Amino acid sequence: MMSWATLSVFVPTFLFVSLTPGMCMTLAMVLGMTQGVKRTLWMMIGELLGVGLVAAAAGVGVAALMLRQPALFMAFKWVGGAYLAYIGIMMWRSRGRMAIPNELEAGPPAGRWQLAFQGFLTAVANPKGWAFFMVLLPPFLDSSRPLSYQLAMLIAVILIIEFASMLVYATGGKTLRRVLGRSDNVRLLNRIAGTLMIGVGAWLALG
């Protein structure tokens, strides 16, 4: 069983890291702004699956293999970054299902699977996430105890904190939409969200 002493250090450490603005938190804020918190939950599901996969892989050393194939990983990063940047451009132009629709031409919102895939892609294609978990997890693992149980406990804590952090950012995005929406600034909101999304794409590709 994992000691309380270990958890008392791990929880605040990861909480601080998770609340720090990053790609996934920015994505949560953007979608909270354009899609609402409820629909952003689908992105969070995909992101949590991706984070869980990366953390588990890093814990058992698969990340080391990924990092030995820089060309393949770089291609994956660029494809993911280009995809997010394309969505950002569409949002900036107030087009596409990710954008906030105008009252006179309200279209269908983004699909659940599209949102989930976006979250999963952002988590899995982030090289800093792989490197971070490779550095963060080993110090909290005790070689004298079963690895699988310890890893499961740490990943569970990670996912809970990650979900709570994304919820905070998504709620902030919704609040921003409400404040600016009073002035009928839908185009401005779309441009803010689109610019942030393009930034996430560039961050993913160039990070």
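Residue indices begin at 1 and follow the sequence shown. Remember, predicted model here, so these are calculated numbers, not experimental data. Computation of the quantities below employed the complete heavy-atom set of this structure, encompassing side-chain atoms and omitting hydrogens, waters and symmetry-equivalent molecules.
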Indicate the atoms forming the closest heavy-atom contact of [X] with [Y], along with that distance.
{"X": "Thr171", "Y": "Leu167", "answer": "OG1-O, 2.7 Å"}
{"X": "Leu151", "Y": "Ala56", "answer": "CD2-O, 4.0 Å"}
{"X": "Thr122", "Y": "Cys24", "answer": "CG2-SG, 3.9 Å"}
{"X": "Ala55", "Y": "Ile155", "answer": "CB-CG1, 3.9 Å"}

The single option from Ile45, Leu41, Leu31 passing side chain to side chain contact (heavy atoms under 4.5 Å, CB included) against Leu115: Leu31
Do [X] and [Y] land in one hydrophobic cluster if side-chain heavy atoms of ILVMFWY residues count as linked below 4.5 Å?
{"X": "Leu121", "Y": "Leu159", "answer": "yes"}
{"X": "Ile160", "Y": "Val168", "answer": "no"}
{"X": "Trp78", "Y": "Ile89", "answer": "no"}

Quick one, [X] and [Y] - any side-chain contact, counting heavy atoms below 4.5 Å?
{"X": "Phe120", "Y": "Glu47", "value": "no"}
{"X": "Met25", "Y": "Glu162", "value": "yes"}
{"X": "Ile161", "Y": "Val157", "value": "yes"}
{"X": "Leu48", "Y": "Met166", "value": "yes"}
{"X": "Arg112", "Y": "Arg39", "value": "yes"}
{"X": "Val51", "Y": "Phe133", "value": "yes"}

From [atom1] ([X]) to [atom2] ([Y]), nearest 0.5 Å:
{"X": "Tyr169", "Y": "Ser18", "atom1": "OH", "atom2": "OG", "result": "8.5 Å"}
{"X": "Met33", "Y": "Leu176", "atom1": "CE", "atom2": "CG", "result": "4.5 Å"}
{"X": "Ile198", "Y": "Trp92", "atom1": "CD1", "atom2": "CH2", "result": "8.5 Å"}
{"X": "Met29", "Y": "Leu27", "atom1": "CE", "atom2": "CG", "result": "10.0 Å"}

